[in-house]
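For reference, the structure discussed in these notes is given below.
Proteins get letters first, then strands, A, B, ... in listed order; numbering begins at 1 in each. Keep in mind that the numbers below use all heavy atoms, side chains included, and drop hydrogens, waters and symmetry copies.
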Amino acid sequence: MDNQKLAELLFPNITSAPEDIEARYPRRELPEGAKVTRIAPSPTGFMHLGNLYGALVDERLAHQSGGIFYLRIEDTDKKREVEGGVKMIIDTFHSFGLSFDEGAALDGETGNYGPYRQSQRAEIYQTYVKSLVQRGLAYPCFCTESELEAAHKEQEQKKENFGYYGHYAVWRDRPIEDIEAELGKGSPYVVRFRSEGKIENKIRHEDLVKGKMEVTENDQDIVLLKSDGIPTYHFAHVVDDHLMGTSIVVRGEEWLATLPVHLQLFRAMGWKAPKYAHTAQLMKLDPETGGKRKLSKRKDPELALSYYYKEGYSVPAVMEYLMTLLNSNFEEWRRANPDAPMNDFPFSTKKMSASGALFDIDKLNDVSKNVISHMIAEAVYESIAKWSADNDPDFHALFTRDPEMTKGYLAIGRGGKKPRKDLALWSDAKPYMDFMFDELFTPDYTMPERVSSEDAKAILTAFKPQFDENDTPDSFFEKMKAIAEQTGFASDTKAYKEHPEQYKGPVGDVSMVIRIAIAGRQNAPDLQSVMKLMGNKKVQSRLERCIAAL
RNA sequence: GGCCUGGUGGUCAAGCGGCUAAGACACCGCCCUUUCACGGCGGUAACACGGGUUCGAUUCCCGUCCAGGUCACCA
């Protein structure tokens with residue numbers, strides 16, 4: 001009928017045709033099997049764990065196959081956009097070690113499939129919508145918010161499905177005169193898709209994560225173009241991922257419900273739909289109810305990516321943890337390949353859970369301890385220095401005052417087959433080594449039960465002149481045994497266990513007294529190593545201080 | 001309410017017609033050990049429920065229940 005006329009009426013300024021646009025987006029020349037993936041966040045100023053979770057899937061899929069991983073900005077909702085949002089997105093992914101091959105960048109963008117900001121693609125979307133109008137597959141709708149609300153209420157009352165369909169689609173078949181009249185008045189309008197779908201029909205779909213499934217056809221005349229001429233997510237997704245050659249769309253399972261709309265749109269446009277991987281929602285255990293629930297922005301600080309840096313989690317720890325959530329066989333692989341880079345792991349969507357992923361901070365901490373235990377002291381030093389500079393300036397000053405000493409301390413028990421695992425967070429460094437700094441040294445001179453003050457004093461006084469920076473842990477312990485003999489303790493722990501009544505205690509009590517004097521507490525890494533780092537002068541003064549306090 | 005997805009120990013999870021139903025975290029115990037950390041050994045603990053199909057169901061089908069998602073001019 002007058003589709004042609006209607007199209008001109010709605011889009012007088014659009015002179016390009018779909019073919020012109022297609023010509024600007026040639027097919028990608030990529031090796032066989034290479035995947036093209038993308039992340040498409042909105043610049044709302046809030047980056048959450050789910051963003052990173054999905055991005056890791058995208059990145060692995062692309063780079064593991066020699067494909068392309070790009071960044072597109074979904075800035076179609078001006079109300080939610082914040083200033084600096086794009087920079088924040090780019091900075092955040094960069095800080096987690098994820099790099100884009102093309103897409104939006106700090107200054108403009110890179111790649112031949114742009115623009116990569118949806119707000120700059122209005123003409124493209126409108127060209128396609130215009131052609132849809134010409135084909136009778138789209139039409140303007142002048143319904144006001146309150147009219148739509150009224151329809152919703154009516155549907156609620158009659159227990160009908162919600163939405164714009166059937167006789168509720170009041171502008172679907174209006175005569176062109178009505179449309180011209182509204183246009184003449186300057187009434188705002190949206191452009192809707194004319195759906196031919198029926199809810200009785202099912203569509204088969206094979207999802208990369210969920211596997212085979214059946215969904216119901218969409219019968220809603222969904223909005224293609226909002227009244228400001230900017231497309232909705234649904235339409236932008238279809239147009240962009242077609243033009244930009246995305247081969248796999250990774251997104252949260254909350255999108256599953258609108259999948260029929262997307263499939264329908266791809267078909268109407270005559271395009272091949274990409275493959276989809278709908279990832280399970282990130283959940284957590286609610287400490288109040290004990291049940292599972294979605295991570296919430298308001299209640300759960302750990303949802304925000306900024307949380308991890310502030311708390312002192314290392315980047316590789318967070319990434320490794322996400323990978324353990326993502327692929328059930330990752331942990332097994334990691335145990336077999338403790339030192340291999342994470343990216344050597346053969347990631348597969350087949351191993352992704354369809355049932356959900358529960359965020360477990362204990363598990364994260366465990367992964368983190370393992371990751372840090374495999375790092376060399378130098379790297380740990382650098383990381384803590386950087387973190388503390390931003391988050392704990394006072395500690396940073398002490399930590400970096402004598403780098404050799406600090407690194408020496410971090411090196412204790414590091415590097416062997418059974419490395420110490422004391423640190424899960426960079427912020428653990430302070431309680432782990434605070435006693436090394438006089439400024440933070442707040443000793444608790446409570447002695448073990450078996451050791452009296454007199455004994456403690458005798459042990460310390462005996463040890464004081466014998467201390468030698470150059471002792472080894474073994475030769476130091478020989479001295480402990482000798483002192484044990486002198487003071488009535490057993491130099492041999494087995495002997496003590498056999499005849500506890502003959503001794504005041506085992507040799508361990510003797511070295512514990514020294515440890516308490518030096519570290520001001522009952523646990524610390526290897527004592528002789530610690531004392532060697534402190535140096536004779538400091539050791540002597542600590543011994544004196546403790547003797548005086550007893 | 002409609003539509004969709006999921007339901008294996010406290011948690012993450014292998015297994016997908018026949019097994020004493022892996023493994024990891026957490027927890028408990030023991031061992032190692034001059035403390036701690038590490039490491040070693042062991043332990044508690046699970047197939048949501050009810051019907052089918054089958055010689056046999058955790059695995060397949062149906063129903064129930066439970067959980068989550070979604071039904072915007074937000075993504």
Side-chain angles (χ1 to χ4, degrees), chain A residues 40-42 44 74-77 79-80 141 143 145 148-149 152 155-156 159-164 188-192 199 207 209-210 213-218 220 222-228 230-234 236-237 251-260 278 280-281 283-285 290-294 324-325 328-332 334-335 351 353-360 362-367 369 373 412-413 416-423 432 448 473 476-477 480-481 484 491 493 506-512 514-516 519 521-528:
Chain A
S42 300
T44 59
E74 306 233 333
D75 52 356
T76 55
D77 185 8
K79 290 186 284 277
R80 301 204 314 168
C141 164
C143 282
E145 210 174 306
L148 293 174
E149 236 170 75
H152 187 93
Q155 289 161 343
E156 206 163 31
K159 298 194 165 152
E160 294 176 330
N161 286 342
F162 304 133
Y164 199 86
Y189 65 92
V190 300
V191 181
R192 288 182 183 272
I199 52 171
D207 192 84
V209 177
K210 303 277 181 188
M213 63 171 96
E214 229 176 39
V215 294
T216 306
E217 257 185 21
N218 168 58
Q220 307 265 333
I222 57 119
V223 174
L224 259 19
L225 239 38
K226 296 184 265 188
S227 56
D228 58 4
I230 301 284
T232 55
Y233 168 85
H234 310 298
H237 152 54
R251 45 154 60 157
E253 66 181 340
E254 68 270 21
W255 289 107
L256 225 38
T258 45
L259 180 65
H278 287 96
Q281 208 86 83
M283 313 282 277
K284 82 170 264 181
L285 225 48
K292 279 188 205 179
R293 64 168 168 74
K294 211 174 141 181
T324 64
L325 279 182
S328 49
N329 54 334
F330 175 72
E331 284 184 274
E332 197 184 331
R334 174 47 89 205
R335 251 173 289 128
K351 285 289 183 182
S353 167
S355 60
L358 192 124
F359 182 81
D360 182 354
D362 283 333
K363 186 91 178 191
L364 204 208
N365 288 340
D366 180 71
V367 169
K369 279 182 183 177
S373 75
I412 298 173
K417 279 193 291 290
K418 300 178 188 174
R420 296 185 67 92
K421 296 181 183 175
D422 301 280
L423 270 33
Y432 178 55
F476 161 74
F477 194 56
M480 291 297 100
K481 285 180 177 171
S491 61
T493 306
V507 63
D509 286 350
V510 176
S511 50
M512 181 55 83
I514 308 294
R515 177 172 295 106
I516 288 169
R521 60 190 193 201
Q522 300 204 1
N523 50 38
D526 178 69
L527 236 197
Q528 177 61 24

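Nearer the 5' end of RNA chain B, as judged by each residue's closest nucleotide, is the contact made by A:Pro419, out of A:Pro419 and A:Gln220. Between A:Lys369 and A:Glu160, the residue whose closest nucleotide on RNA chain B is further toward the 5' end is A:Glu160.
Heavy atoms of A:Arg335 sit under 4.0 angstrom from primed sugar atoms or phosphate atoms, though from no base atom. Using a 4.0 Å heavy-atom criterion, one finds that A:Glu74 contacts the sugar-phosphate atoms exclusively. Across all strands shown, A:Arg334 has no heavy atoms under 4.0 Å from either base or sugar-phosphate atoms. Residue A:Glu145 is out of contact with every strand shown, counting any heavy-atom pair closer than 4.0 Å. Note on A:Met512: only backbone sugar-phosphate atoms sit closer than 4.0 angstrom, heavy atoms only; bases stay farther off. Contact annotation for A:Ser42: backbone-only contact, meaning every heavy-atom pair under 4.0 Å involves sugar-phosphate atoms and none involves a base. Residue-level contact check: A:Lys351 touches the backbone only, with heavy atoms under 4.0 Å from sugar-phosphate atoms and none from bases.
Rounded to whole angstrom, the span from the OH atom of A:Tyr432 across to the P atom of B:rC36 amounts to 14 Å. A straight line from CG of A:Leu527 to P of B:rU35 spans 11 Å, rounded to a whole angstrom. The separation between A:Asn523 atom CG and B:rA37 atom P is 7 Å, rounded to whole Å. A:Glu214 has its CD atom 8 Å from the P atom of B:rU5, to the nearest Å. Put simply, NZ on A:Lys226 is 10 Å from C1' on B:rA72, counting in whole angstrom units. The separation between A:Leu259 atom CG and B:rC4 atom C1' is 10 Å, rounded to whole Å. Rounded to whole angstrom, the span from the CD1 atom of A:Ile222 across to the P atom of B:rC71 amounts to 12 Å. In this structure, CD of A:Gln155 is placed 14 Å from P of B:rC71, rounded to the nearest angstrom.
Distance noted for atom C1' between B:rU59 and B:rA21: 11 Å (whole Å). Between B:rC47 and B:rC31, the distance separating the two C1' atoms is 34 Å to the nearest Å. Comparing the C1' positions of B:rA26 and B:rU20 gives a spacing of 25 Å, expressed to the nearest Å. The same atom, C1', is picked in B:rG39 and in B:rC32; the two are 8 Å apart, to the nearest Å. Taking atom P on both B:rC27 and B:rA22, the two are 22 Å apart, rounded to the nearest angstrom. A gap of 9 Å separates the P atoms of B:rU58 and B:rC19, to the nearest Å. Nucleotides B:rG23 and B:rA45 place their C1' atoms 15 Å apart, quoted to the nearest Å. With C1' as the reference atom, B:rA48 and B:rC55 are 27 Å apart, rounded to whole Å.
Nearest nucleotide to the side chain of A:Asp362, out of B:rA72, B:rU5, B:rC25: B:rC25. Comparing atom distances between the A:Asp366 side chain and each of B:rC25, B:rC71, B:rA37 picks out B:rC25 as nearest. The side chain of A:Ala257 lies closest to B:rU70, out of B:rU34, B:rU70, B:rC73. Candidate nucleotides B:rU34, B:rG2, B:rC73 were compared by shortest atom distance to the side chain of A:Thr232, and B:rC73 ranks first. For A:Thr76, whose side chain is taken as the heavy atoms from C-beta onward, the closest listed nucleotide among B:rA75, B:rG39, B:rA24 is B:rA75. When distances are taken from the side chain of A:Leu325 to each of B:rU5, B:rA75, B:rC12, the shortest belongs to B:rC12. Each of B:rC74, B:rA24, B:rU34 was ranked by its minimum atom distance to the side chain of A:Lys363; first place goes to B:rA24. Comparing B:rU35, B:rC4, B:rU70 against the side chain of A:Glu254 picks out B:rU70 as the nearest. The nucleotide whose nearest atom lies closest to any side-chain atom of A:Val190 is, among B:rU35, B:rA24, B:rC73, B:rC73. Comparing B:rC71, B:rA75, B:rC4 by their closest approach to the side chain of A:Trp255 singles out B:rA75.
Side-chain to base pairing of A:Thr216 with B:rC3: no donor and acceptor N or O lie closer than 3.5 Å to each other. Side chain A:Arg420 to base B:rC36: a donor-acceptor pair is found below 3.5 Å.
In this structure a side-chain-to-backbone donor-acceptor pair under 3.5 Å is present from A:Gln220 to A:Tyr164. Here the side chain of A:Lys226 pairs no donor or acceptor atom with the backbone of A:Tyr189 at under 3.5 angstrom. Using a distance-only test at 3.5 Å, with no hydrogens or angles considered, no donor-acceptor pair links the side chain of A:Gln522 to the main chain of A:Ile516. The main-chain N or O of A:Pro260 is never found under 3.5 Å from a side-chain atom of A:Asn218 such that the two would form a donor-acceptor pair.
By the 6.0 Å contact criterion, CD on A:Glu145 is open, its count of non-hydrogen atoms from other residues, nucleotides or ligands being 12 or less.
Contact check on A:Arg420 versus A:Asp422 returns a salt bridge, with a Lys/Arg side-chain nitrogen under 4.0 Å from an Asp/Glu carboxylate oxygen. Taking 4.0 Å as the cut-off between side-chain N and carboxylate O, A:Lys363 and A:Glu331 count as a salt-bridged pair.
With a 3.5 Å ceiling on both atom-pair distances, the Watson-Crick or G-U wobble partner of B:rC49 is B:rG63. In a base pair of the Watson-Crick type (N1 to N3 plus N6-O4 or O6-N4) or a G-U wobble (N1-O2 and O6-N3), with each distance short of 3.5 Å, B:rC73 is matched with no nucleotide. When both distances must be under 3.5 Å, the Watson-Crick or G-U wobble mate of B:rG23 is B:rC12. Using the Watson-Crick or G-U wobble rule with both distances under 3.5 Å, B:rG39 pairs with B:rC31.
Remark: ring of A:Tyr233 not stacked against base of B:rC74; the cut-offs of centroid gap under 5.5 Å and plane tilt under 30° are not jointly satisfied.
In this structure, A:His152 and A:Phe162 have parallel ring planes: the angle between them is below the 30° cut-off, well short of the 60° mark.
The closest side-chain heavy-atom distance from A:Lys369 to A:Leu423 is not below 4.5 Å.
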